[in-house]
Protein chains: 2
Amino acid sequence: MGRPRAFDVDEALDRALRLFWRQGYEGTSLSDLTEELGINRPSLYAAFGNKEELFRKALERYVEHHLILYREAFAKPTAREAMEHLVLGLADAQTLPRGPRGCITVQGALVSGEAAAPIQKELAARRLAGEKAIRERLEQGQRDGDVPPHVDCADLARYINTVTQGMAVQAATGTSREDLRRVARMSLAAWPT
Amino acid sequence: MGRPRAFDVDEALDRALRLFWRQGYEGTSLSDLTEELGINRPSLYAAFGNKEELFRKALERYVEHHLILYREAFAKPTAREAMEHLVLGLADAQTLPRGPRGCITVQGALVSGEAAAPIQKELAARRLAGEKAIRERLEQGQRDGDVPPHVDCADLARYINTVTQGMAVQAATGTSREDLRRVARMSLAAWPT
DNA sequence: TGGATTGTGTACCGATGAGTACGGATTTAC
DNA sequence: GTAAATCCGTACTCATCGGTACACAATCCA
């Protein structure tokens, strides 16, 4: 009941996500947001709380979407194939034709002033969560016998995660999708034997 | 002649550098700077121009200092040894005991709003310059015969640069020096044979 | 000792930051 | 048709942003 919303919440979140992704949390002002979303300020606050909550909700959508890629990759029969699918998928996701480049967990607030510290920490935690997921898939591979027993899965996971985060920086620099995919493939040459 | 400066310009630049490095260009306000440097605003403007020029001058010092590491590494007899020295040296430089973590060319302004776009582009250009320097050392190795002729030096340089930039993200996440050095060493396992 | 010159300190500027008060518009329930 | 509920839009709040005007202090040269 009451007057119905004149905008679609999910579409607004997607637009906010893309803006935060492209300009970072600190680099995106509320004026940028209201202009991009076509929503005026009080409506935005009524729907999403404040700037920080809006970011968190947009981030949630991003993460949910990316979980699909991780699950898809981890379903591959071997850890090696899983990682290949993952890094190549991330290369694509970080160079979407009409999307911002890189990954919002990296570009969102790699560093920041004091005001944005909670967001910075949240993103760092998300990056660590990705690394943990990779490590667990590698450990599964070890149990399955397709990853040599002498391999330290934490180290290997950290390495793979580092490469994907470096790819996010490269994407921001303007590296093409093809070049990024080459980087992803080369990184797998370090795979233990 | 005239009243002498009450502060040391180089020390002020170093302090500014560390602040920008830790909080990013957008995340660092002039109030942060004047407080950290112990200099009041007009003195800062008289000495360095404005915020953007101050950043550029601080960046210049950073880059000059890092050139030492690059030169040191590139002087190694083989390209492989050069890259090993470089990535391990960067692992150390990105986890200085009492310094900001990561690399200012990554943390300074990976993304930004419109106002900081010139700084963002400047940093992207510096990252590309690092990649170019690596590529040229690899090509030298190819001429010297210690890098196989079939290797695409541009691809290999991009991969190495990507790893070092990923290390900067990891450093911001809190990864220890030892773990970062392990990542650096693992990345060399992808070296072509 | 007195200009000329340069740096310092206070106190300010206009613009923009995030966030909100409030009245009018639009809907549902009765 | 009217009351209750929700949303929209204008116009504001206060704090902070980067940047500066101007008076005063400290030095050098004559």
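Values below: all heavy atoms of this structure, side chains included; hydrogens, waters and symmetry mates excluded. Numbered from 1 within each chain, the chains take letters A, B, ... in sequence-line order.
- Every pair tested for salt bridge (Lys or Arg N to Asp or Glu O under 4.0 Å) that includes a residue from residues 93-117 of chain B fails, sequence neighbours excluded, so the list is empty.
- For the pair B:S29 and D:dT16, the criterion of a side-chain N or O lying under 4.0 Å from OP1 or OP2 is not met.
- A distance of 10.5 Å separates CG in A:L90 from CE in A:M83, rounded to the nearest 0.5 Å.
- End-to-end axis angle of the helix from C:dT1-D:dA30 to C:dC30-D:dG1, from C1' rotation axes over five pairs per end: 0° (rounded to 10 degrees).
- B:R15 has a carboxylate O that lies under 4.0 Å from a charged side-chain N of B:E11, or vice versa, which qualifies the two as a salt bridge.
- Within a heavy-atom distance below 4.0 Å of DNA chain C, the residues of residues 33-54 of chain B found are B:N40, B:P42, B:S43.
- Atom P of nucleotide C:dA29 and atom CZ of A:R3 are separated by 18 Å, given to the nearest angstrom.
- Spacing between atom CZ of A:R5 and atom P of D:dA5 amounts to 18 Å, rounded to whole angstrom units.
- The interatomic distance linking B:E26 (CD) with D:dG18 (C1') rounds to 14 Å, in whole Å.
- A:S29 is not listed as a side-chain neighbour of A:Q23, based on a closest heavy-atom distance of 4.5 Å or more.
- Taking the six-membered ring where tryptophan is involved, the planes of A:F74 and A:Y70 are perpendicular, since the angle between them exceeds 60° and thus also 30°.
- Distance check: B:M167 CE to A:T162 OG1 gives 8.0 Å after rounding to the nearest 0.5 Å.
- Residues A:L54 and A:L13 form a side-chain contact, since some pair of their non-hydrogen atoms from C-beta on lies under 4.5 Å apart.
- Atom-to-atom, OH of B:Y25 to P of D:dC17 comes out at 14 Å; the value is rounded to the nearest Å.
- An OP1 or OP2 oxygen of D:dC17 is reached within less than 4.0 angstrom by a side-chain nitrogen or oxygen of B:S31.
- A:M1 has its CE atom 5 Å from the C1' atom of C:dT28, to the nearest Å.
- If you take CG of A:D8 and P of D:dC8, they are 12 Å apart, rounded to a whole angstrom.
- Looking at every heavy atom in both residues, B:R127 comes nearest to A:A172 through NH2-C, 4.3 Å.
- Put simply, the side chain of B:I104 reaches to within 4.5 Å of the side chain of B:F55, judged on heavy atoms.
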